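What you are looking at is a predicted structure, and each value in this text was computed from that prediction instead of being measured.
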Amino acid sequence: MKRAMLIINPSSGKEKAMNYEEEAVNILQENHVDVTVKYTEKEGDAVRFAKAACENHFNTLVAMGGDGTINEAINGLASQSERPNFGFIPLGTVNDFARALGIPMQPKKALKVLAQQHTKPVDIGHINDQYFMNVLAVGAIAEAVYDVTPEQKSKFGPLAYLIEGGRALKDKTPFDLKVTYDGKQWNGEAYIMLIALTNSVGGIQSFAQHAEVNDGYFHVFILREFSLPKVFKIIPDLFTGHLQDNAQVEYFPASTLKVESDHELVVNIDGDEGVHLPFEAEVMHNELHIFVPKE
């Protein structure tokens, strides 16, 4: 008597999410006797629906929407005593989490992954009182994300974030940073701090090439120096997966983090404005079982 819940954000995918509802329901009905469909109308709806799926013993939860919808669903699932297997159909601009898991960017192909019924244990992150699936960012690039317009996203895709980030860095000065991690400490000045759970950040799948979705670690990158000539040396490393080897970048893996600064800084959580520093974060190892393509 397996039961499934499908959460749909009707405004996702340029309001095309509803086009895939019937096919999603049909696929879920192949392995479930009952499929309940929920539609989000406002912020927090997907969190509430996901919690209800746990409390009512659903076997499967599927979210259809952009990164915000997926993030909300994960926040509803995390740390519940009983969690359904989780699947999602990516309809956002960047879809880093899907890229890292090998889930196709085309909705119809992503739906076929659900039919395979193959799951994989996956890490998520916990920061203060919320959860995230992909990345934390502090500094100019983190702030620049808020300035990216829908028109830029449509025209440039993931590169829009890199373009705005480069503009923001041009006028920035470094900030002090104190990072305590796994019994160690790093102190210094930084322009950017990125904490990645997966290999894909901002649509660049080679960003943390050695990162796995269930390796139990954050992959921390701190840009210590910045000048335009040096940026041109970073870009090749960024796209070839060797960013951690760049002389301007401090890199270390960590399962727990505490990040502090004397500056007024706000951390960007999976692309959205988050909490003020200081913050604490930890990896929740193999927290969710997620539908992924068979290898």
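- Using a 4.5 Å heavy-atom threshold, the side chains of L257 and V220 count as touching.
- In this structure, F291 is not a member of the same hydrophobic cluster as L77, with clusters built from ILVMFWY side-chain heavy atoms closer than 4.5 Å.
- A donor-acceptor pair shorter than 3.5 Å cannot be found between the side chains of T60 and N85.
- In this structure, CG on L265 lies 8.0 Å from CG on D176, to the nearest 0.5 angstrom.
- Heavy-atom neighbours of E43 CD from other residues, nucleotides or ligands within 6.0 Å: at or below the threshold of 12.
- Taking all atoms of both residues into account, the shortest heavy-atom contact from E72 to G44 is OE2-N, 2.9 Å.
- Within the model, atoms CD1 of I7 and OG1 of T36 stand 11.0 Å from one another, a figure rounded to the nearest 0.5 Å.
- Across every non-hydrogen atom of N75 and V47, the tightest pair is CB-CG2, 4.2 Å.
- Annotation: the span from F218 atom CZ to T256 atom OG1 amounts to 8.5 Å, rounded to 0.5 Å.
- Remark: side-chain polar atoms of N9 are not paired, donor with acceptor, to backbone N or O of T40 under 3.5 angstrom.
- Within the 4.5 Å cutoff, the side chain of W186 has no heavy atoms near those of the K184 side chain.
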For a side-chain contact (heavy atoms from CB on, under 4.5 Å) check, start with the C-alpha distance between M64 and E21, then their side-chain angles and the critical distance, and finish with the verdict. CA-CA 9 Å; M64 190 183 297; E21 178 184 357; 5.7 Å; no

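- When all heavy atoms of G76 and K51 are compared, the closest pair comes out as O-CG, 3.3 Å.
- Remark: side-chain polar atoms of D182 are paired, donor with acceptor, to backbone N or O of S255 under 3.5 angstrom.
- Checking side-chain atoms of Q117 against main-chain N and O of N31 turns up no donor-acceptor pair under 3.5 Å.
- The two residues P84 and C54 make their nearest non-hydrogen contact at CD-SG, 3.7 Å.
- Closest of all the heavy-atom pairs between P174 and Y191 is CD-OH, 3.4 Å.
- In this structure, F97 has its ring center closer than 6.0 angstrom to the ring center of F88.
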Start with the C-alpha gap between N286 and D123, add the side-chain angles, then the distance that decides, and say whether side-chain contact (heavy atoms from CB on, under 4.5 Å) holds. CA-CA 5 Å; N286 289 346; D123 299 342; 3.7 Å; yes

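- Within a 6.0 Å sphere centred on NZ of K108, other residues, nucleotides and ligands contribute 12 heavy atoms or fewer.
- Atom-to-atom distance recorded for M284:CE and I74:CD1 is 11.5 Å, nearest 0.5 angstrom.
- Proximity of D270 to D67: side-chain heavy atoms (C-beta onward) are nowhere separated by under 4.5 Å.
- With rounding to the nearest 0.5 Å, the separation of CG in D34 from CD in Q29 is 9.0 Å.
- Listed for the N128 side chain is a donor-acceptor partner under 3.5 Å among the backbone atoms of E280.
- Without hydrogens or angle criteria, N95 side chain to G92 main chain gives a donor-acceptor distance under 3.5 Å.
- Under the 4.5 Å side-chain heavy-atom criterion for Ile, Leu, Val, Met, Phe, Trp and Tyr, I124 and V283 are members of distinct hydrophobic clusters.
- If you take CG on L91 and CE on M105, they are separated by 10.5 Å, rounding to the nearest 0.5 Å.
- The hydrophobic clustering, which links ILVMFWY residues whose side-chain heavy atoms are closer than 4.5 Å, places F58 and L288 together.
- Residues Y39 and D45 are not in side-chain contact: their nearest non-hydrogen atoms beyond the backbone lie 4.5 Å or more apart.
- The cluster map of Ile, Leu, Val, Met, Phe, Trp and Tyr, joined by side-chain heavy atoms under 4.5 Å apart, puts V62 and M18 in the same cluster.
- Closest approach of N214 to V122, counting heavy atoms only: CB-CA, 4.3 Å.
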What do the steps show when you test L6 against I8 for side-chain contact (heavy atoms from CB on, under 4.5 Å), and what is the final call? CA-CA 6 Å; L6 173 64; I8 299 177; 3.8 Å; yes

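- For E282, the side-chain hydrogen bond (donor to acceptor under 3.5 Å, both in side chains) partners at least two apart in sequence or on another chain are H126.
- The hydrophobic cluster containing V267 also contains V179, counting ILVMFWY residues as joined when their side-chain heavy atoms lie under 4.5 angstrom apart, directly or transitively.
- Using a 4.5 Å cut-off on side-chain heavy atoms (C-beta onward), K120 and I290 make no contact.
- Considering only heavy atoms from C-beta on, I89 stays 4.5 Å or farther from Y20 through its side chain.
- Contact of the I70 side chain with the P90 side chain is not registered, since no non-hydrogen atoms from C-beta on lie closer than 4.5 Å.
- When side chains are defined from C-beta on, P293 does not count as touching K112, because their heavy atoms never get closer than 4.5 Å.
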Verify side-chain contact (heavy atoms from CB on, under 4.5 Å) between F252 and I222, making sure each step is shown before the conclusion. CA-CA 9 Å; F252 51 86; I222 300 172; 4.0 Å; yes

